[in-house]
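Here the structure is laid out as structure tokens; the discussion comes afterwards.
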There are 2 protein chains.
Amino acid sequence: MTFSVAAETIAAAPVSIPATVAVSGPAAATEKSRCAGCAARSKGLCAALPAEELPELTAASRTINLLSSTPVVLEGAEADSVFTVVSGMLKLYKTLPDGRQQITGFATAGDVIGLAVGEVYAYTAETVTASTVCRAPRTTLHRLMERRPAVQGRLLAMTSVELSAAQDQILLLGCKTAVERVASFLLALSRRSRPLPDGSPSVFLPMPKVDIGAYLGLRPETLSRVLRKLEDAGAITRLTNDRIRLDDAAALEATATLAA
Amino acid sequence: MTFSVAAETIAAAPVSIPATVAVSGPAAATEKSRCAGCAARSKGLCAALPAEELPELTAASRTINLLSSTPVVLEGAEADSVFTVVSGMLKLYKTLPDGRQQITGFATAGDVIGLAVGEVYAYTAETVTASTVCRAPRTTLHRLMERRPAVQGRLLAMTSVELSAAQDQILLLGCKTAVERVASFLLALSRRSRPLPDGSPSVFLPMPKVDIGAYLGLRPETLSRVLRKLEDAGAITRLTNDRIRLDDAAALEATATLAA
DNA sequence: AGGAACCCTTGATCCAGATCAGGGCAGGCA
DNA sequence: TGCCTGCCCTGATCTGGATCAAGGGTTCCT
């Protein structure tokens with residue numbers, strides 16, 4: 001069963017899946033174009049859309065509010081929809097038959113989820129925090145791409161950036177030690193988030209430690225020990241469980257052994 | 001220094017780089033369109049080109065024959081050209097400051113090398129065997145994409161496939177054991193090569209063992225031990241140093257623990 | 001308030017694969 | 001012909017991170 005069924009039939013959703021909080025689709029969209037006011041309008045694929053395409057997209061898409069730990073797409077399921085993250089955070093992962101999981105990435109506002117090469121999704125996507133996503137049929141995306149080369153160009157650019165990030169992750173997993181992996185991860189995240197009021201860079205880690213470990217190819221125990229070591233060395237401070245301040249970014253850079 | 005300089009000025013090439021054997025470009029192309037008869041005409045990006053675009057591409061591109069162990073693009077160098085592999089095999093790798101190398105992939109006929117997100121190449125590409133590649137200016141590719149959406153679509157498709165492969169590699173590096181990695185690698189390669197005359201699948205491994213190790217995140221000693229274990233178990237036979245026959249693909253599938 | 005279910009952290013021990021070391025073989029060159 | 005340089009294989013040992021085990025904190029539910 002794909003999540004989309006649950007999204008549209010809230011009452012019938014199995015209790016094992018946390019309930020959708022709200023859905024707004026064609027029925028709820030009394031305004032001319034819900035997309036025009038969307039928080040993700042200027043991000044991801046939608047940034048490549050001229051205003052005149054919005055009404056059709058509004059008609060074809062649905063905005064879905066999700067609690068945390070809710071699957072959005074399932075690895076191996078028929079890939080009939082694509083999703084844009086409006087807010088929140090999701091984890092994308094692949095699973096081996098015996099249950100081992102590898103997180104391939106985290107998706108935030110503007111990221112597109114569910115693009116598939118073949119007929120089925122290549123990974124599972126699940127919310128880490130309460131999130132809002134926008135679902136559109138795959139066919140709508142294809143039609144938009146045919147009509148608007150800019151959309152295809154934008155998708156190519158986004159895919160290329162993702163590919164580059166995936167190759168960086170291959171380097172991390174294939175070559176780097178535990179400390180190097182964690183330092184690289186913290187620095188990469190800090191580049192995408194704004195610094196604290198006092199100017200020092202920080203990172204927000206809403207996901208459990210076991211997920212960060214599954215992303216970095218480490219066990220949560222190892223992650224915990226590495227963070228402690230970095231904290232003892234004065235490179236970071238753990239402000240709360242989900243917020244880390246980078247006190248010595250230069251030291252982190254040095255231990256991250258970034259690619260030339 | 002980028003390789004392109006060496007390619008066009010053979011006599012001036014430093015001796016440390018094995019010499020280019022032959023170059024055919026505008027000066028050598030007396031025929032109407034060299035591209036029309038190219039071995040890679042039906043592959044990769046060129047497959048998306050209508051015949052009427054070929055003369056311009058022929059005029060803008062150069063075919064380059066290379067000995068083995070010759071760099072084609074260098075990580076960090078200005079990304080002014082893109083290359084299509086016509087024949088042979090190249091390895092693509094990233095390097096850490098201390099010299100550790102991670103091979104992110106091997107490129108064969110039809111593969112495109114040198115696409116960059118930013119201004120510089122994200123990896124080094126170097127021939128593993130004697131190879132023929134075709135070089136074109138990045139601007140030519142951009143012009144073709146603007147004029148022919150099909151080219152952009154093909155590039156998007158190729159990039160998406162590469163991204164999917166990269167995510168499989170992330171799963172391999174993050175989760176799998178040494179035996180599982182080697183079994184997955186052999187099976188993946190066997191799917192792309194034709195079986196032996198007797199019908200059994202086989203793989204051709206022209207690259208040194210240390211390169212296969214650098215691709216799988218293993219030391220060559222470990223790779224050697226794993227291959228011996230698989231051979232003792234009757235799953236494979238090492239016919240020559242660079243050719244392995246898969247005697248029991250089902251057993252390999254089982255040990256590869258492929259993703260669901 | 002009690003307690004159940006998670007997380008996170010730390011300590012002790014284990015092991016898969018890295019590292020170190022040495023020997024054999026094939027191809028290239030003087 | 002004989003040396004030399006890579007590459008490959010195998011054995012011995014080491015170690016970084018996994019695994020096993022246990023305690024404490026927080027949140028949510030009853």
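FYI, side chains are in, hydrogens and waters are out, and symmetry mates aren't considered; it's all heavy atoms of this structure. Source: prediction; values computed, not measured. Residue numbers begin at 1 in each chain, while the letters A, B, ... track the order of the sequences.
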Could you list, one pair per line, each protein nitrogen or oxygen that sits under 3.5 Å from a nitrogen or oxygen of nucleotides 15-18 of chain C, together with the distance?
residue, atom, partner, partner atom, Å
C/dG17, OP1, B/A178, N, 2.7
C/dA18, OP1, B/G217, O, 3.4
C/dA18, OP2, B/R219, N, 3.4
C/dA18, OP2, B/T222, OG1, 2.4

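Distance CE (A/M207) to P (C/dC7): 14 Å, rounded to an integer number of Å. Atom CG of A/L227 and atom P of C/dC8 are 10 Å apart (whole Å). D/dG6 atom C1' lies 15 Å from atom CG of B/D242, rounded to whole Å. The CD1 atom of A/I244 sits 11 Å away from the P atom of C/dC8 (whole-angstrom rounding). Rounded to an integer number of Å, the gap from B/R238 CZ to C/dC25 P is 15 Å. Here the P atom of nucleotide C/dC25 and the NZ atom of B/K209 are 17 Å apart, to the nearest Å.
With sequence neighbours excluded, the residues forming a side chain to side chain contact (heavy atoms under 4.5 Å, CB included) with B/D232 are B/R228, listed by chain and number. For the side chain to side chain contact (heavy atoms under 4.5 Å, CB included) test, residues two or more places apart in sequence or in another chain that qualify with A/A183 are A/L252, A/T255, A/A256. In terms of the side chain to side chain contact (heavy atoms under 4.5 Å, CB included) criterion, residue partners of A/T222 (sequence neighbours excluded) are, by chain and number, A/A178, A/L218, A/R219, A/V226. With sequence neighbours left out, the side chain to side chain donor-acceptor pair (under 3.5 Å) criterion links B/Q101 to no other residue. Every side chain to side chain contact (heavy atoms under 4.5 Å, CB included) that B/T104 has, sequence neighbours left out, goes to A/Q167, A/I170, B/L92, B/K94.
Heavy atoms only, all atoms of each residue included: A/L186 and A/L246 are closest at O-CD1, 4.1 Å. When all heavy atoms of B/S164 and A/V117 are compared, the pair lying nearest together is CB-CG2, 4.2 Å.
Sorted by first then second residue, the ring-ring contact (aromatic ring centres under 6.0 Å, His included) pairs that include residues 235-257 of chain B, not counting sequence neighbours, number zero. Here salt bridge (charged side-chain N to carboxylate O under 4.0 Å, His left out) pairs that include residues 235-246 of chain A, with residues two or more places apart or in two chains, are A/E231-A/R238, A/R245-A/D247. Sequence neighbours left out, not one pair with a member in residues 196-209 of chain A passes salt bridge (charged side-chain N to carboxylate O under 4.0 Å, His left out).
Between the two ends of the helix from C/dA1-D/dT30 to C/dA30-D/dT1, each summarised by a five-pair axis, the helix axis turns through 30° (rounded to 10 degrees).
Side-chain polar atoms of B/Q102 and B/Y215 form no donor-acceptor pair below 3.5 angstrom. In summary, the side chains of B/E126 and B/Y93 do present a donor paired with an acceptor at a separation below 3.5 Å, with no hydrogens or angles considered.
The closest side-chain heavy-atom distance from A/R135 to A/V72 is not below 4.5 Å.
Of the side-chain N and O atoms in B/N241, none sit less than 4.0 angstrom from OP1 or OP2 of D/dC7.
Of all the residues in residues 228-237 of chain A, not one reaches under 4.0 Å from DNA chain D with any non-hydrogen atom.
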> Where along nucleotides 21-30 of chain D does protein come under 4.0 Å, by heavy atom, of base (B) or sugar-phosphate alone (S), with - for untouched nucleotides?
Replying inline: ----------

